[in-house]
**Q** 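Next up is a structure, given as structure tokens.
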Amino acid sequence: QVRLVESGGGLVQAGGSLRLSCAASGYPFRYDAMDWHRQAPGNERELVARIRPDGSTYYVDSVKGRFTISRDNAKNTMYLQMNSLKPEDTAVYYCKLLTVWGQGTQVSVSS
């Protein structure tokens, strides 16, 4: 049974940084792509970043140049380094593997 646990969210001022982690268990995730999604109040959940097994990445335009997705296959953990945070980045951030979602971690950016 696949289980995903996010951590690293919090409250930060605009321009600050946070690093999110997503620890996976129950599945050798190195063979599949993993995603970070986010959902702000009143908005649909959106794909923020994806990292494929070969290490190639995708970013939504709004975070390009500010966010970096990475993975440590030995630790079964994925990361999202978020720099130059903006108030519009405020959301609950979720990691996703196959059809499984984590519980989410709140990121709040004050202006």
Side-chain angles (χ1 to χ4, degrees):
Q1 182 176 349
V2 180
R3 183 166 180 251
L4 304 174
V5 179
E6 300 101 333
S7 61
L11 174 63
V12 65
Q13 287 190 329
S17 298
L18 286 172
R19 188 193 194 205
L20 306 184
S21 299
C22 173
S25 60
Y27 186 80
F29 81 163
R30 69 184 64 203
Y31 303 115
D32 293 275
M34 289 192 72
D35 298 345
W36 284 101
H37 295 247
R38 67 186 179 187
Q39 187 167 21
N43 288 3
E44 304 241 332
R45 193 171 296 190
E46 67 167 347
L47 173 63
V48 174
R50 172 171 290 160
I51 185 164
R52 303 178 185 90
D54 64 0
S56 62
T57 57
Y58 161 84
Y59 297 95
V60 69
D61 284 347
S62 58
V63 309
K64 283 180 181 176
R66 301 188 298 120
F67 290 12
T68 303
I69 189 172
S70 61
R71 63 196 294 167
D72 184 335
N73 289 336
K75 295 182 178 180
N76 258 22
T77 301
M78 178 178 66
Y79 304 97
L80 186 67
Q81 178 66 43
M82 305 186 294
N83 297 330
S84 302
L85 282 161
K86 303 176 180 179
E88 51 263 44
D89 295 317
T90 295
V92 179
Y93 284 70
Y94 300 89
C95 61
K96 179 175 179 280
L97 168 62
L98 301 175
T99 59
V100 178
W101 296 86
Q103 84 285 356
T105 186
Q106 177 71 48
V107 171
S108 299
V109 185
S110 63
S111 56

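These values consider heavy atoms only, across backbone and side chains, with no hydrogens, waters or symmetry-generated copies.
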**Q** Could you state whether Val107 and Val48 fall into the same hydrophobic cluster, counting links through intermediate Ile, Leu, Val, Met, Phe, Trp or Tyr residues with side-chain heavy atoms under 4.5 angstrom apart?
**A**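 Yes, it is one cluster - the side chains of Val107 and Val48 are joined through contacts under 4.5 Å.
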**Q** Quick one: do Tyr58 and Ile69 satisfy side chain to side chain contact (heavy atoms under 4.5 Å, CB included)? Show the steps, please.
**A** CA-CA 9 Å; Tyr58 161 84; Ile69 189 172; over 6 Å; no
**Q** So does Lys86 get a backbone contact from the side chain of Asp89, meaning a donor-acceptor N/O pair under 3.5 Å?
**A**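 At least one qualifying donor-acceptor pair exists.
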**Q** Please answer whether the main-chain N or O of Gly26 pairs with a side-chain N or O of Gln1 as donor and acceptor at a distance below 3.5 Å.
**A** no
**Q** Among residues at least two apart in sequence or on other chains, which ones pass salt bridge (charged side-chain N to carboxylate O under 4.0 Å, His left out) with Asp54?
**A**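 Not a single residue meets the salt bridge (charged side-chain N to carboxylate O under 4.0 Å, His left out) criterion with Asp54.
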**Q** When you measure from the side chain of Ser62 to the backbone N and O of Val60, does any donor-acceptor pair fall under 3.5 Å?
**A** no
**Q** Are Leu11 and Val109 linked, directly or through intermediate hydrophobic residues, by side-chain heavy-atom contacts shorter than 4.5 Å (ILVMFWY only)?
**A**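 No, because Val109 and Leu11 fall into different hydrophobic clusters, even though each may have its own neighbours under 4.5 Å.
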**Q** Arg71 and Ala33: which non-hydrogen atoms are nearest, and at how many Å?
**A**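 Minimum heavy-atom contact is NH1-CA, 4.3 Å.
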**Q** If I take atom OG1 from residue Thr68 and atom CG from residue Asn83, how far apart are they, to the nearest 0.5 angstrom?
**A**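 Thr68 atom OG1 to Asn83 atom CG measures 6.5 Å (nearest 0.5 Å).
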**Q** Spell out, as yes or no, whether a donor-acceptor pair under 3.5 Å connects the side chain of Glu6 to the backbone of Gly104.
**A**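 Looks like yes, one N/O pair under 3.5 Å.
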**Q** May I ask whether Ile51 and Leu20 are part of the same hydrophobic cluster, defined by side-chain heavy atoms of I, L, V, M, F, W, Y residues being less than 4.5 angstrom apart, directly or through others?
**A**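 Yes, one cluster joins them.
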**Q** Would you say Arg45's side chain and Gln39's backbone share a donor-acceptor pair under 3.5 angstrom?
**A**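 Side chain of Arg45 to backbone of Gln39: no pair is present.
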**Q** Taking the side chain from Thr105 and the backbone from Gly9, do they hold a donor-acceptor pair closer than 3.5 Å?
**A** yes
**Q** If you look at every heavy atom in Met34 and Cys22, which pair is closest and at what distance?
**A** CE-SG, 4.0 Å
**Q** Side-chain contact, heavy-atom cut-off 4.5 Å: Ser21 with Tyr79?
**A**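 Yes, their side chains come closer than 4.5 Å.
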**Q** Flag the pair Asp61 and Lys64 as a salt bridge only when some basic side-chain nitrogen lies within less than 4.0 angstrom of an acidic carboxylate oxygen.
**A**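 Answer for the salt bridge query: yes.
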**Q** Run the side chain to side chain donor-acceptor pair (under 3.5 Å) check on Asp72 and Thr77 step by step: do they pass?
**A** CA-CA 5 Å; Asp72 184 335; Thr77 301; over 6 Å; no
**Q** What pair of heavy atoms forms the shortest contact from Cys95 to Met78, and how long is it?
**A** CB-CE, 3.6 Å
**Q** Is there a side-chain contact between Ser17 and Gln81, using heavy atoms and a 4.5 Å cut-off?
**A** yes
**Q** Spell out, yes or no, whether Phe67 and Val12 are grouped together once hydrophobic residues are joined by side-chain heavy atoms under 4.5 Å, including indirect joins.
**A**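 Yes, one cluster joins them.
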**Q** Identify whether Leu47 and Leu80 are in the same connected component of the hydrophobic contact network (ILVMFWY, side-chain heavy atoms under 4.5 Å).
**A** yes
**Q** Got a sec, which pairs hit salt bridge (charged side-chain N to carboxylate O under 4.0 Å, His left out) with one end in residues 10-36, sequence neighbours left out?
**A**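 Pairs touching residues 10-36 that pass the test: Asp35-Arg50.
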**Q** Look up atom CZ in Arg66 and atom OG in Ser84, then write down how far apart they are to the nearest 0.5 Å.
**A** 7.0 Å
**Q** Among pairs that include at least one residue of residues 92-102, which meet side-chain hydrogen bond (donor to acceptor under 3.5 Å, both in side chains), considering only residues two or more places apart or in two chains?
**A** Arg38-Tyr93
**Q** Tell me if the CZ atom of Arg52 is crowded by more than 12 foreign heavy atoms within 6.0 Å.
**A** yes
**Q** Is there a side chain to side chain contact (heavy atoms under 4.5 Å, CB included) between Thr90 and Glu88? Walk through the geometry before answering.
**A** CA-CA 5 Å; Thr90 295; Glu88 51 263 44; over 6 Å; no
